[in-house]
Amino acid sequence: MNIELNKIYLWLFSKDDIKKALLVVFMANILIKALTFTRSVIFARFLTPEELGLFSIAFAGYYLIAPIVMLGAPSVLIRYSYRYFTSGKLGSFYRTVGRMPLIITIGISLIFCLEAPLISRLTYGSITYSHLIIIAGITLLPLNIFSFLIYMFQGMQTFRIKVFLEAIYNIMFFVIGMVFVLRINRADSLLISNLLAYLFSIIIVGFLFRCFSKKTSLTQESSVDKKEIYNTLFHFGIWSVFAEISFNLLGFFDRWALNKMVSSEAAGIYFVGMGFSNFLFLGVQLLNQVLMPKFSELRDSDQKNRLQFYLLLITKSSMIIFLVISILLIIFSKVLIPLIYGTNYKGIVFFINILFLASAYQLLYYFNNMYAMALEKSFHVFSSICTGALLNIVFNFLLIPHFGMKGAAMATAISFFVTASILSLVNYRKGLPCDIRYIFIFLLPVGLFWEKYLLWYLVFIILIAWFLFTRQEKNTLTRCTSFFGR
């Protein structure tokens, strides 16, 4: 029995090379994304748009607060976990990194619980929803422990245990959420389900990690370079925190504005529309989680040219695939959205093309962010996303009173366009090549705005796609296609 358990521990916590990591992440996330999509459909079917809107605002709230209490821990964990993992000092390392974020998280959670009526009034305009604020406050602690483990496993390059943790969370949220929503069709049922899912997932994976640590002496007390860790935590990491807060604000402010200026029902419909348009973008986030440690290795080994080459290749190929699938989904959205989510959400079809436009520039921002973070240019990331977040606030107030949900989508699209433009310009000045092909790729998503001509636009993209790659990029794509074909 012990031999079998040892095999399981070694398999879960073994390091993967980049090809195996891509395969592991891809296969595991087929299940995760299927569960996520099915869960969102069921929630939309059984909850009214108003209740879903209330849930989405509380859900956005603790994701907005989470980066503040995490400080720069994600940056430190991704950068240094593998070093301390291989040297047998991981136990001392994660205790050093996690101590302060844990204390801050507990303090913020207490504030949420004690001042729930005030926060509810500021968030929803009424103290009626104080219970939602309390649940959100309690969720902060397990959410941050979950995030801590995710970033640590990502930094260790042990992608099997990372996707295992994510899979457990999504399965638990799916199962518990189904039970709760079928019995109680309210926003608090989803928030409680989410809280329980985080608790179960961190308990199961935490137990496995503790057993593995004991067997490999990772929890032994040993010295770590605290000065280096805290310098990264407070200097490089602090801009990462501000950047993530600004990014979340850019992504979530529109729902709060819709709730304030239109209704919670509009916020719920918009939330479902965002989920539908962001479904493709989730694949980019998964790719980022695998490639970031590899990009850091290329930077540390002074292989900046290879880093730039692979980043541009991934950006171009991802954007073309994204646009082709997006156009097909927009064309058939009048049938797909009522069929999948129900007639309560058919209003999404009137602004779904603009949401896909916003997602396209979010994708471009994300790839530029990968390059900037690999070079530790976190201040530039912060400055670009902060500009976008401020513009998003301004344009939401200007456009929502006139255009409603479509105005919120337009504000998000404009903000991500500006954000991606600023960061692309900064990266170009820092050495990232920018030829006419990249500029064309950057401007290509604008065609999504003209919904009447999308079929012709799809034909145009297919015809010119191959000409947007250099000869070296074409050769690399051909080799990759042959590899996955085998």
When you look at [atom1] of [X], are more than 12 heavy atoms from neighbouring residues, nucleotides or ligands closer to it than 6.0 Å?
| X | atom1 | answer |
| --- | --- | --- |
| F174 | CZ | yes |
| I127 | CD1 | no |
| K260 | NZ | yes |

Distance-minimising heavy-atom pair for [X] and [Y]:
| X | Y | result |
| --- | --- | --- |
| A116 | S130 | CB-O, 3.7 Å |
| A257 | I400 | CB-CD1, 3.6 Å |
| L54 | A187 | CB-CB, 4.0 Å |
| G388 | T419 | CA-OG1, 3.1 Å |
| I204 | M172 | CD1-CE, 4.3 Å |
| I330 | L448 | CD1-CD2, 4.1 Å |

| remark: Residue set satisfying ring pair (Phe, Tyr, Trp, His ring centres under 6.0 Å) with F449, at least two apart, ordered chain then number -> none
Quick one: pull up [atom1] in [X] and [atom2] in [Y] and give me the separation to the nearest 0.5 Å.
| X | Y | atom1 | atom2 | result |
| --- | --- | --- | --- | --- |
| N392 | T387 | CG | OG1 | 12.5 Å |
| C386 | L391 | SG | CG | 10.0 Å |
| L329 | F356 | CG | CZ | 4.5 Å |
| S201 | L196 | OG | CG | 10.5 Å |
| L190 | I176 | CG | CD1 | 12.0 Å |
| I327 | F322 | CD1 | CZ | 10.5 Å |

| field | Donor-acceptor pair, side chain of S120 and main chain of S126, under 3.5 angstrom | value | yes
| Does the W256 side chain pair with the main chain of I57, one donor and one acceptor, at a distance under 3.5 Å? | no
Under 3.5 Å donor-acceptor pairs involving side-chain atoms of residues 43-50, not counting sequence neighbours:
from : atom 1 : to   : atom 2 : distance (Å)
R45  : NE     : I340 : O      : 3.2
R45  : NH2    : L339 : O      : 2.6
T48  : OG1    : E51  : N      : 3.3

| said: Can you list everything that forms a side-chain hydrogen bond (donor to acceptor under 3.5 Å, both in side chains) with Y198? Sequence neighbours excluded, please. | reply: Y63
| task | Over 60° means perpendicular and under 30° means parallel, so classify the ring planes of Y129 and Y124, tilted if in between. | result | tilted
Let me check something: any side-chain donor-acceptor pairs from residues 402-414 under 3.5 Å, sequence neighbours excluded? List them with distances.
from : atom 1 : to   : atom 2 : distance (Å)
T412 : OG1    : D254 : OD2    : 2.9
T412 : OG1    : Y270 : OH     : 3.4
T412 : OG1    : A408 : O      : 3.1

| Sequence neighbours excluded, every pair satisfying salt bridge (charged side-chain N to carboxylate O under 4.0 Å, His left out) that has a member inside residues 173-191 | R186-D188
| field | Heavy-atom check, side chain of V272 versus side chain of S40, under 4.5 Å | value | no
| query | Taking side chain as C-beta onward, heavy atoms only, is Y345 less than 4.5 Å from F276? | reply | no
| message | Would E265 and N344 count as a side chain to side chain contact (heavy atoms under 4.5 Å, CB included) here? Give the steps. | response | CA-CA 10 Å; E265 181 180 358; N344 285 337; over 6 Å; no
Can you give each donor-acceptor pair under 3.5 Å made by side-chain atoms of residues 133-150, sequence neighbours left out, with the distance rounded to 0.1 Å?
from : atom 1 : to   : atom 2 : distance (Å)
T139 : OG1    : I135 : O      : 2.7
N144 : ND2    : T105 : OG1    : 3.1
S147 : OG     : L143 : O      : 3.0

| message | Checking S359 against F416 for the side chain to side chain contact (heavy atoms under 4.5 Å, CB included) test, could you report, in this order, the C-alpha distance in whole Å, the side-chain angles of both residues, the deciding distance, and whether it holds? | response | CA-CA 8 Å; S359 292; F416 271 117; over 6 Å; no
| request: Taking the six-membered ring for Trp and the full ring for Phe, Tyr or His, determine whether the centres of F397 and F253 are under 6.0 Å apart. | output: yes
| request: Give the C-alpha distance, both sets of side-chain angles, the deciding distance and a yes or no for side chain to side chain contact (heavy atoms under 4.5 Å, CB included) between V446 and Y361. | output: CA-CA 9 Å; V446 176; Y361 281 106; 3.2 Å; yes
| query | How far apart are the C-alpha atoms of F55 and F271, what are their side-chain angles, what is the distance that settles it, and do they pass the side chain to side chain contact (heavy atoms under 4.5 Å, CB included) test? | reply | CA-CA 10 Å; F55 162 74; F271 173 65; 4.2 Å; yes
